[in-house]
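These numbers were taken from a predicted model, which means no experiment stands behind them.
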Amino acid sequence: QVQLVESGGGSVQAGGSLRLSCAASGRTFSNYAMGWFRQAPGKEREFVATISSSTGITHYADSVKGRFIISRDNAKHTVYLQMNSLKPEDTAVYYCAARTLATIAIVKGAYDYWGQGTQVTVSS
């Protein structure tokens, strides 16, 4: 069983930056691919970014490509999402997700564990 806890959310002005963190329990973290998803009010939870377990392969949604960077520190059992050039459209609850397989994935159903989410609000 994996537990995920997100942190780092908050309110920023458009053009600003935030760095989200997701701390994972257990010593098997390094074997899991990780992902970030977000859900805005009234909308479906959508893919943001993913990173493989150890090879450093990443993939991003087109809407955040070039602005967001996903990374991980396996020694700290933590995955990060650096968000730059934030837009009001980025406002959402951001969720960390873990996948028991090592390869990246972009669909919600590919992930086995989810955090409770952290709110990101971008003001114009």
Side-chain angles (χ1 to χ4, degrees):
Q1 192 75 24
V2 176
Q3 293 184 337
L4 306 173
V5 180
E6 302 97 335
S7 62
S11 182
V12 298
Q13 289 184 280
S17 298
L18 282 174
R19 189 193 194 197
L20 306 183
S21 298
C22 173
S25 66
R27 288 188 284 177
T28 56
F29 170 80
S30 61
N31 297 323
Y32 299 158
M34 302 293 294
W36 286 97
F37 290 75
R38 67 186 183 186
Q39 188 167 21
K43 295 186 177 181
E44 296 291 318
R45 191 170 299 186
E46 66 176 358
F47 168 75
V48 175
T50 183
I51 185 168
S52 62
S53 63
S54 61
T55 60
I57 298 172
T58 60
H59 185 70
Y60 300 89
D62 289 341
S63 59
V64 307
K65 195 171 299 181
R67 300 188 296 122
F68 291 10
I69 301 172
I70 188 171
S71 62
R72 66 191 297 160
D73 186 334
N74 288 338
K76 296 181 178 179
H77 294 185
T78 302
V79 63
Y80 305 95
L81 185 68
Q82 178 67 47
M83 304 185 294
N84 301 315
S85 301
L86 283 162
K87 306 174 181 180
E89 294 78 23
D90 296 317
T91 296
V93 176
Y94 283 71
Y95 296 90
C96 176
R99 169 174 156 85
T100 56
L101 300 180
T103 51
I104 59 175
I106 64 172
V107 296
K108 297 188 294 292
Y111 291 84
D112 303 290
Y113 304 99
W114 295 84
Q116 293 298 308
T118 185
Q119 178 71 48
V120 172
T121 302
V122 184
S123 302
S124 61

Crowded around Q3 CD? As in, over 12 foreign heavy atoms under 6.0 Å? no
Could you measure the distance from the OG atom of S53 to the CD1 atom of I104? Nearest 0.5 Å is fine. 11.0 Å
Worked check of side chain to side chain contact (heavy atoms under 4.5 Å, CB included) between S63 and R38: CA-CA 12 Å; S63 59; R38 67 186 183 186; 3.4 Å; yes
Other members of the hydrophobic cluster containing F29, with the 4.5 Å side-chain heavy-atom rule, please. V2, L4, V12, L18, L20, Y32, M34, W36, V48, I51, Y60, V64, F68, I69, I70, V79, L81, M83, L86, Y94, Y113, V120, V122
Inter-residue atom distance R67.CZ - K87.NZ, 0.5 Å rounding: 4.5 Å
Which atom of A14 lies closest to which atom of S124, heavy atoms considered: CB-CA, 4.3 Å
Enter the distance from S17:OG to N84:CG here, rounded to the nearest 0.5 Å. 4.0 Å
Measure the CD-CD distance between Q39 and Q119 for me, rounded to the nearest 0.5 Å. 11.0 Å
Please report the shortest heavy-atom distance between A102 and A33, naming the atom on each side. O-CB, 3.5 Å
Check for a donor-acceptor pair, side chain of S52 on one end and backbone N or O of I57 on the other, with a separation under 3.5 Å. yes
Closest non-hydrogen atom pair between A97 and Y111, with its separation: CB-CD2, 3.5 Å
Using 0.5 Å steps for rounding, measure from the CG atom of D90 to the OG1 atom of T121. 11.0 Å
Under 3.5 Å, is there a donor-acceptor pair between the side chain of E6 and the main chain of T118? no
Where do R99 and T103 land on the side-chain hydrogen bond (donor to acceptor under 3.5 Å, both in side chains) test, with the steps shown first? CA-CA 8 Å; R99 169 174 156 85; T103 51; 3.0 Å; yes
Is it the case that atom CD in Q116 sees more than 12 heavy atoms from other parts of the structure closer than 6.0 Å? no
K76 versus T78, closest heavy-atom pair with distance: O-OG1, 2.9 Å
NE2-NZ distance between H59 and K65, expressed to the nearest 0.5 angstrom: 5.5 Å
Can you check side chain to side chain contact (heavy atoms under 4.5 Å, CB included) on Y95 and K108, steps first, answer last? CA-CA 11 Å; Y95 296 90; K108 297 188 294 292; over 6 Å; no
